[in-house]
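What follows is one structure encoded as structure tokens, with my remarks underneath.
To find a chain, count down the sequence lines: A is the first, B the second, and so on, and within it residues start at 1.
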Protein chains: 2
Amino acid sequence: MRAWRGFLAASALVNRHLDQQLKDDSGLSHPQYEILVRLAAAPRNELRMTELANGLINSKSGLTYQVTQMEKAGLVQRRSCPSDVRGVFAVLTEAGRARLEEAAPGHVSAVREALIDVLTPAQLEAIADGLGEVSRRLREQG
Amino acid sequence: MRAWRGFLAASALVNRHLDQQLKDDSGLSHPQYEILVRLAAAPRNELRMTELANGLINSKSGLTYQVTQMEKAGLVQRRSCPSDVRGVFAVLTEAGRARLEEAAPGHVSAVREALIDVLTPAQLEAIADGLGEVSRRLREQG
DNA sequence: GGATGGCGGTTCGAATTTGAACAACCCCCT
DNA sequence: AGGGGGTTGTTCAAATTCGAACCGCCATCC
């Protein structure tokens with residue numbers, strides 16, 4: 001049960017810490033940063049709303065809200081899908097890419113400082129394998 | 001970075017999964033459950049608001065909100081501190097204890113099923129040690 | 001004593017999140 | 001053709017969260 005308590009506390013504290021760091025550093029919330037990262041990694045820098053929502057944590061309506069905010073801020077753009085009238089792509093704009101590239105280094109180093117550097121290589125390996133498996137199971141089951 | 005992605009995903013998915021399980025099973029939110037657990041573990045089943053807020057994740061105002069909700073539901077009670085007029089204790093009520101004892105088994109087994117049983121003993125050890133250390137550092141530094 | 005700085009908790013407004021309901025649509029089957 | 005069943009994204013109200021401002025009070029220093 002020590003692992004459970006540790007996981008719970010670390011999960012909350014790390015998320016909180018990085019939210020803060022990200023907001024102070026670049027004015028992005030963590031969800032918004034995640035959206036930018038995923039779009040930047042996607043082919044053509046665009047993804048269907050549903051794909052974004054699946055990869056992320058929040059509900060569909062939460063995603064709609066965030067994308068609307070980011071569209072107002074000029075970081076992404078909506079584009080309707082030609083083959084399916086219902087479908088909507090979120091596309092990364094030039095400004096969005098720039099914003100991400102500006103925010104990423106600070107965020108990455110914060111992650112490194114808070115998490116990576118604290119752990120031994122063996123612990124990192126165990127966490128990557130173990131928690132990866134945990135995620136996979138919850139995903140396919142949930 | 002694999003560890004980072006795994007941690008991030010697991011953190012979100014596990015929290016979400018357990019929130020859900022807890023709400024379906026006993027009508028408690030995760031924050032509320034945590035409050036009950038801490039009070040039940042405290043001497044005399046009571047804690048100062050600030051102590052609760054420190055142990056938990058949310059802000060002071062968030063705690064005020066939750067305790068108010070739980071007081072309406074009869075799970076806790078406020079008691080002013082005799083030696084410091086400003087201070088407020090949150091006290092676990094009999095109903096609160098009963099509610100916790102009713103919710104705990106299901107929650108514990110959900111935790112076990114989602115997390116503990118998926119990991120090897122070595123992984124559990126690494127997570128307990130590593131993430132414990134991560135938490136400790138963030139706490140004393142934050 | 002009496003100011004002064006800081007703490008403990010609440011209140012307030014704004015931002016975010018959620019689940020359920022909704023409207024429009026695709027796919028498959030007959 | 002045409003009708004279910006499931007999907008897609010949005011809208012809505014309600015719940016929760018946060019940060020900043022605030023009030024009342026302790027403690028300490030002059």
Review point. Between dT8(D) atom P and Leu52(A) atom CG, what is the distance in whole Å?
Key: 13 Å
Check your understanding: Nearest-Å distance, NZ (Lys60(B)) to C1' (dC7(C))?
Key -> 8 Å
Review point. Looking just at side-chain N and O atoms, do Gln32(A) and Gln66(A) make a donor-acceptor pair shorter than 3.5 Å?
Key: yes
Review point. Would you say Gln66(A) reaches dT17(C)'s phosphate, i.e. side-chain N/O to OP1/OP2 under 4.0 Å?
Key: yes
Check your understanding: For DNA chain C, whose closest nucleotide is more 5', that of Lys23(B) or that of Tyr65(A)?
Key -> Tyr65(A)
Exercise for review: Take the protein atom CE of Met49(A) and the nucleotide atom P of dT11(D), then report the distance between them rounded to whole Å.
Suggested key: 10 Å
Practice item. Tell me whether the OP1 or OP2 atom of dG19(D) has a side-chain N or O from Gln20(A) closer than 4.0 Å. Key: yes
Practice item. Quickly work out the Leu28(A) CG to dT16(C) P distance and round it to whole Å. Key: 12 Å
Check your understanding: Any donor-acceptor pair under 3.5 Å between the side chain of Ser61(B) and the base of dG19(D)?
Key -> yes
Check your understanding: Taking side chain as C-beta onward, heavy atoms only, is Met49(A) less than 4.5 Å from Arg78(A)?
Key -> yes
Exercise for review: Could you tell me whether the phosphate oxygens of dG19(C), OP1 or OP2, come under 4.0 Å of any side-chain nitrogen or oxygen in Arg16(B)?
Suggested key: yes
Check your understanding: Rounded to whole angstrom units, what separation is found between the CG atom of Asp19(A) and the P atom of dT17(D)?
Key -> 14 Å
Review point. Atom CG of Asn54(B) to atom C1' of dC7(C): distance rounded to whole Å?
Key: 12 Å
Review point. For dA15(C), does either OP1 or OP2 sit under 4.0 Å from a side-chain N or O belonging to Gln69(A)?
Key: no
Check your understanding: Counting just side-chain N and O atoms, does Gln32(A) come under 4.0 Å of either OP1 or OP2 of dT16(C)?
Key -> no
Check your understanding: Asn58(B) has an atom CG; how far is it from atom P of dA15(D), in whole Å?
Key -> 18 Å
Point to revise | Donor/acceptor link under 3.5 angstrom from Arg86(A) side chain onto base of dC26(C) | key: no
Point to revise | 5'-most by nearest nucleotide on DNA chain C - Arg48(B) or Pro31(A) | key: Arg48(B)
Exercise for review: Starting from C1' on dC7(C), measure out to CG on Leu63(B) and report it in whole angstrom.
Suggested key: 16 Å
Practice item. Would you mind telling me which residue lines up with the more 5' stretch of DNA chain D, Val88(A) or Val85(B), judged by nearest nucleotide? Key: Val88(A)
Review point. Between the side chains of Asn15(A) and Ser11(B), does any donor sit under 3.5 Å from an acceptor?
Key: yes
Exercise for review: Indicate yes or no: does Arg5(B) engage Glu34(A) in a salt bridge with an N to O separation below 4.0 Å.
Suggested key: yes
Review point. Would Arg136(A) and Glu133(A) pass as an ion pair if we require N to O under 4.0 Å?
Key: yes
**Study point:** Earlier contact from the 5' end, DNA chain D, for Asp84(A) and Asp84(B)
**Key:** Asp84(A)
Check your understanding: Counting any heavy atom closer than 4.0 Å, what does Gly87(A) reach on the DNA or RNA strands: base, sugar-phosphate only, or nothing?
Key -> sugar-phosphate
